Amino acid sequence: MDYDIKAGLSRIEERLAAACLRSGRKREEIRLMAVSKFHPLPAVEEAFKQGIRLFGENRVQEGTEKFAAFRETRRSGGDGRDGVEVHLVGSLQRNKAKKAAAFFDCIQSVDRDSLIDELGALTAGREKPLMILLELHTGEESKAGFPDTDSLYRGGEKAVSYPGLKPLGLMTMAPFSKDEKTIRSSFRRLREARDGLEKRFPLSGGWPCLSMGMSGDFELAVEEGSTLVRIGTAIFGERG
Ligand SMILES: *Cc1c(COP(=O)(O)O)cnc(C)c1O
């Protein structure tokens, strides 16, 4: 591990602080997730040491293996988790849904009705509901996500009907673009979709989470209302 995670994190904190200042927001309104995909356990340990408690992985197999090992190393502290949360942020295939529902604290990449049904059935009778975010497709390059707000709202209605699921908000990936306007409009669409969901399903306790912003665009995301930024490269360096 030759990359300086501590320095990476302090640069991000500076940039977050500046974005908050520009947009009149408070730093506490925004959670910082370290996306550790393709980075080994020692990198996770180092980020934890620097205060990170929220991690993201994009593959079920890699995430469960790495974080099962991570939790194992932390058994001494209380429930063995030390307040660590691990979210799945990559697309979830049906045949991995059971494993994912059992392991992850939140699945951010819920992108179709059939997956909501699957997760709803898997979590029936659970004491602690599974947190989920619905993913909206707002960019051109990635194919993931509900394709439009109508299908998203139908997904929202379905999601709130399962007692084992706790929908908390929305997630998106902006297009990989240099054009600030294009990126902003993607984030804005997510925020407007969230507002639409809150109007339609006001009894569900709100949809507070807007998971948007990555290494290349998180400042714009914060300015557009993000409550959770998912940062990989800017914390851990390039993926090998
Ligand atoms: C990889 C990934 C990230 C982090 O991307 P960086 O550009 O490395 O910060 C965020 N969100 C999702 C869904 C990802 O797959």
Side-chain angles (χ1 to χ4, degrees), residues 1 3-16 19 30-40 43-44 46-47 50 52-64 66-67 85-93 96 100 103-112 115 131-147 152 168-180 182-184 186-187 189-190 193 209-240:
M1 218 183 3
Y3 190 82
D4 191 341
I5 289 172
K6 186 177 179 184
L9 280 168
S10 71
R11 272 195 303 275
I12 288 164
E13 284 300 342
E14 279 170 25
R15 291 166 63 187
L16 276 174
I30 302 138
R31 298 183 78 192
L32 171 59
M33 164 187 280
V35 180
S36 49
K37 65 186 183 197
F38 301 126
H39 292 285
V44 168
E46 176 62 20
Q50 300 304 330
I52 296 287
R53 293 296 178 272
L54 175 60
F55 293 90
E57 285 283 337
N58 77 330
R59 292 193 188 151
V60 175
Q61 188 67 23
E62 181 186 347
T64 51
K66 195 184 302 174
F67 281 91
E85 258 185 60
V86 190
H87 294 191
L88 183 71
V89 299
S91 68
L92 177 56
Q93 301 309 310
K96 306 250 173 70
F103 190 84
F104 292 99
D105 299 291
C106 175
I107 297 176
Q108 293 206 357
S109 43
V110 176
D111 61 356
R112 57 195 189 277
L115 183 58
M131 298 186 280
I132 61 167
L133 301 181
L134 303 183
E135 181 175 1
L136 180 65
H137 178 258
T138 62
E140 288 86 44
E141 285 86 358
S142 117
K143 284 173 300 189
F146 283 95
L152 180 84
L168 285 179
L170 301 178
M171 187 269 261
T172 200
M173 283 171 91
F176 301 108
S177 165
K178 289 214 161 60
D179 180 36
E180 202 181 295
T182 309
I183 299 171
R184 274 189 198 278
S186 156
F187 293 148
R189 273 192 62 202
L190 196 71
C209 183
L210 281 179
S211 172
M212 57 191 200
M214 306 178 16
S215 292
D217 57 21
F218 71 87
E219 289 135 305
L220 296 178
V222 166
E223 290 176 30
E224 297 298 335
S226 172
T227 67
L228 190 160
V229 292
R230 310 180 308 269
I231 316 275
T233 315
I235 295 177
F236 295 111
E238 295 294 332
R239 291 179 278 274

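Counting starts at 1 for both ligands and their atoms, in listed order. These numbers come from a predicted model, not from an experiment.
- For ligand 1, the atoms sitting less than 4.0 Å from at least one non-hydrogen atom of Thr233 are 6 (P), 7 (O), 8 (O), 9 (O), numbered in the order shown with element in parentheses.
- Close contacts of ligand 1 with Arg230, meaning ligand atoms under 4.0 Å from a residue heavy atom, involve 4 (C), 9 (O), 10 (C), 11 (N), 12 (C), 13 (C).
- The distance from ligand 1 to the heavy atoms of Ser215 drops below 4.0 Å at these ligand atoms: 6 (P), 7 (O), 8 (O), 9 (O).
- Each of the following atoms of ligand 1 lies closer than 4.0 Å to a heavy atom of Val89: 12 (C), 13 (C).
- Listed by chain and residue number, Glu180, Glu223, Glu224 satisfy the salt bridge (Lys or Arg N to Asp or Glu O under 4.0 Å) test with Arg184 (two or more places apart in sequence, or in another chain).
- One distance of note links CG of Leu9 with CG of Leu32; it measures 6.5 Å at 0.5 Å rounding.
- Closest to atom 5 (O) of ligand 1 by heavy atom, among Gln108, Glu238, Met214, Met212, is Met214.
- Rounding to the nearest 0.5 angstrom, the gap separating the CG atom in Leu210 from the CD1 atom in Ile30 is 11.0 Å.
- Backbone and side-chain nitrogen or oxygen atoms of Gly232 are examined, and one is located within less than 3.5 angstrom of a nitrogen or oxygen of ligand 1.
- Residue Lys37 touches ligand 1 through its side chain alone, judged by heavy-atom distances below 4.0 Å.
- In this structure, the side chains of Met212 and Thr138 stay at 4.5 Å or more apart for every pair of heavy atoms.
- Annotation: ring-ring contact (aromatic ring centres under 6.0 Å, His included) contacts involving residues 218-240, sequence neighbours excluded, comprise His39-Phe236.
- Remark: side-chain polar atoms of Ser186 are not paired, donor with acceptor, to backbone N or O of Gly139 under 3.5 angstrom.
- For the residue pair Glu57 / Ser36, a side-chain donor-acceptor distance below 3.5 Å is found, with atom types taken as modelled.
- With ligand atoms numbered from 1 in the order given, ligand 1 contributes 9 (O) to contacts under 4.0 Å with heavy atoms of Ile231.
- By the 4.0 Å heavy-atom criterion, Arg239 is counted among the residues contacting ligand 1.
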